[in-house]
Amino acid sequence: MTRRTAFAMAGGTVTGSLLSNTATAVADAPAPGRPVASGANPVLRTALVTQVTPRDNWRVTAVAIRYADPIDIRGGVIPPSAFQVTADLGGQSAARTVTRAYPNTVARTDDRPNAGRPGRYLVIELDPDDANARASGTDPLPLHRAYTVRQVADVRTHGGDLVLAAGPLAIRNDDVITPVVDDFTAGSFTDSTGFGLAFRLYQPEGFVRSPGAAARYPLVVTLHGGGEVADNNMTQLTANRIAVTFAKPERQRRHPAFVLAPQIPLPRPMDGPDGTDWTDPKVRAALVELIDAFTTRRPVDADRLYLVGLSSGARGIFNLLPRRPHTFAAALATAGWGAPSTMDGITHIPMWTDHSIDDPVVPYREGRFGKPGTWTLMNALESAGAPVTRGEWANGLPKAEFEARSRALLNRARRAGSHVLFTSYTPMRPAPPRWWDRALCYQDECAARYYLLTCSP
């Protein structure tokens with residue numbers, strides 16, 4: 001089949017170096033002879049540190065200030081009250097809650113109780129539950145120079161030496177750092193009909209270091225939900241953790257893979273058979289061509305292609321798998337719906353599905369647009385001959401318990417020789433916000449290991 005393909009990469013081609021913010025990647029070098037406790041230490045850069053969270057999506061969680069000289073508080077503690085942080089968003093100005101502050105060698109938060117170490121960065125952590133903590137609405141918010149930081153009290157060592165002097169001048173952020181998300185390059189693809197899809201791409205470090213090496217990598221393709229149909233080429237990464245999950249450094253160190261996150265453009269395509277997005281014929285055709293183009297132009301292991309999708313993205317998985325039953329090694333579908341009559345064609349494909357029993361948007365049994373939900377689809381898949389291993393537990397469990405139950409379900413499936421898992425979440429009162437984020441956040445470790453390790457044909 002003849003294709004017209006175009007990879008229009010932002011700032012370079014796919015073969016370029018992995019994009020990363022040097023503030024997060026380069027540790028401070030020592031500065032012999034520089035004062036560390038004089039109070040006079042010029043500010044060089046100020047960056048917001050944002051995070052894709054399992055609750056309420058993308059949020060500003062810290063400010064990282066880079067100083068000219070290293071900061072060493074010598075056993076002292078920086079009181080949160082020493083700094084005032086204000087966010088100016090949407091024409092409204094409101095304070096952010098400072099929870100703690102500490103020096104560090106990188107512009108990164110530190111979860112340890114005794115956080116940080118002497119370095120040129122001062123990290124000011126902010127309460128992620130602040131009403132004005134969000135970094136996006138339908139589209140990303142304009143965060144550059146949106147935050148003001150003022151030091152209102154001196155910072156001293158444990159012995160009383162002055163380290164950073166308070167003053168009347170305030171600083172604004174001139175950068176925004178989003179760990180993991182910043183490691184995705186931005187690109188676009190035009191298919192043989194002229195229809196285009198924007199995409200974000202994570203490239204494994206081994207490929208970036210040695211693009212000509214013989215190593216071949218898995219490819220994880222993530223399909224966003226209906227709320228992320230947009231022209232920003234960002235919210236398919238930041239609205240949910242489906243792409244970020246597979247690109248996290250700790251996962252990539254163990255199981256390196258390409259992660260491809262396309263985004264459906266506006267105006268919203270709604271010509272599909274049930275009024276959804278990834279089932280729209282032109283969107284589905286462009287997605288298939290994009291995957292084919294990518295796998296033929298990059299060192300992808302064709303036996304290890306994986307689909308991950310949420311809501312209408314999961315609907316896209318159930319729509320695409322029967323049409324390409326021998327292309328994908330496995331799939332993870334959360335809160336989807338589809339046609340039970342097509343399940344007999346995908347009984348051989350390893351799959352992990354999950355759905356909340358009381359999902360108000362995509363009903364667990366009834367689904368949407370006349371197409372049944374995950375419960376009905378898994379029953380149809382089992383009737384067609386695929387043993388389904390089922391697990392059920394309350395939504396909103398603590399992370400450790402959620403992970404333990406997920407691992408137990410996976411082990412039970414392996415013992416039974418089953419390659420299809422189905423997790424149902426029973427209601428929990430009060431209901432946790434955005435249960436699907438919690439599911440993707442807590443089950444991702446088991447699911448990613450399941451796919452990247454065990455699902456090759």
Indicate, with yes or no, if the rings of His348 and His419 have centres closer together than 6.0 Å. no

Could you check whether Asp354 and Thr334, counting side-chain N and O atoms only, form a donor-acceptor pair closer than 3.5 Å? yes

Pairwise distance CZ(Arg100) to CG(Asp127) - rounded to 0.5 angstrom: 12.5 Å

Using modelled atom types and a 3.5 Å cut-off, is there a donor and acceptor pairing between side-chain atoms of His355 and backbone atoms of Val362? yes

If you compare all heavy atoms of Ala243 against all heavy atoms of Ala261, which two are closest, and at what distance to 0.1 Å? CB-CB, 4.2 Å

Arg254 bridged to Glu250 by N-O distance under 4.0 Å: no

Reported CG-to-CH2 distance for the pair Leu237 and Trp58, which is rounded to 0.5 angstrom: 9.0 Å

Aromatic rings Trp375 and Tyr364: how do their planes relate, parallel, tilted or perpendicular, breaks at 30° and 60°? tilted

Is the side chain of Thr296 donor-acceptor paired with the backbone N or O of Ala293 at a distance under 3.5 Å, no angle test? yes

Have Asn173 and Thr46 got a donor and an acceptor in their side chains that come within less than 3.5 Å? no

Residues in ring-ring contact (aromatic ring centres under 6.0 Å, His included) contact with Tyr102, at least two apart in sequence or another chain: none

Any side-chain to backbone donor/acceptor pair from Asp110 onto Gly116? Under 3.5 Å, distance only. yes

Pair Phe294 + Phe189: ring centers closer than 6.0 Å: no

So does Ser192 get a backbone contact from the side chain of Glu289, meaning a donor-acceptor N/O pair under 3.5 Å? yes

Least distance between heavy atoms, Ser93 atom then Thr86 atom: OG-CG2, 3.1 Å

Can a donor-acceptor pair be found, under 3.5 Å and without considering hydrogens, that links the side chain of Arg216 to the backbone of Pro299? no

Heavy-atom closest pair (Ile242 atom, Leu223 atom, distance to 0.1 Å) is CD1-O, 3.5 Å

Residue that, paired with Asp292, satisfies salt bridge (charged side-chain N to carboxylate O under 4.0 Å, His left out) out of Arg324, Arg297, Arg298: Arg324

When the ring planes of Tyr425 and Phe402 are compared, do they come out parallel, tilted or perpendicular, using 30° and 60° as the limits? tilted

Please tell me whether Trp352 and Thr423 have a donor and an acceptor in their side chains that are separated by less than 3.5 angstrom. yes

Is it the case that the side chain of Asn132 and the backbone of Ala94 share a donor-acceptor pair, with hydrogens and angles ignored and the cut-off at 3.5 Å? yes

Within the side chain of Tyr147, is there an N or O that forms a donor-acceptor pair under 3.5 Å with the backbone of Leu48? no

Please check if any side-chain donor atom of Thr50 sits under 3.5 Å from a side-chain acceptor atom of Thr178, or the reverse. yes

For Met234 versus Pro140, what's the shortest heavy-atom pair and its separation? CG-CG, 3.8 Å

Between the side chain of Arg59 and the main-chain N/O of Asp130, is any donor-acceptor distance below 3.5 Å? yes

About how many Å separate CG of Leu219 and CD1 of Ile291, when rounded to the nearest 0.5 Å? 7.0 Å

Nearest-0.5 Å distance that lies between atom CZ in Arg45 and atom OH in Tyr67: 15.0 Å

Side chain Arg117, main chain Thr105, donor-acceptor under 3.5 Å: no

dist His224:NE2 -> Ser312:OG (nearest 0.5 Å) comes out at 7.0 Å

To the nearest 0.5 Å, atom CG of Leu397 lies from atom OG1 of Thr426 at 7.5 Å

Pairing donors with acceptors under 3.5 angstrom, does anything connect the side chains of Thr235 and Gln263? yes

Over all atoms of both residues, closest heavy-atom pair of Tyr306 and Pro218: CE1-CB, 3.8 Å

Using only atom types and a distance under 3.5 Å, with no angle test, would you say the side chain of Arg241 pairs donor to acceptor with the backbone of Val52? yes

Might you point out which heavy atoms bring Val106 and Val123 nearest each other, and give the distance in Å? O-CG2, 4.1 Å

Can you tell me if Arg172 has over 12 outside heavy atoms packed within less than 6.0 Å of its CZ? yes

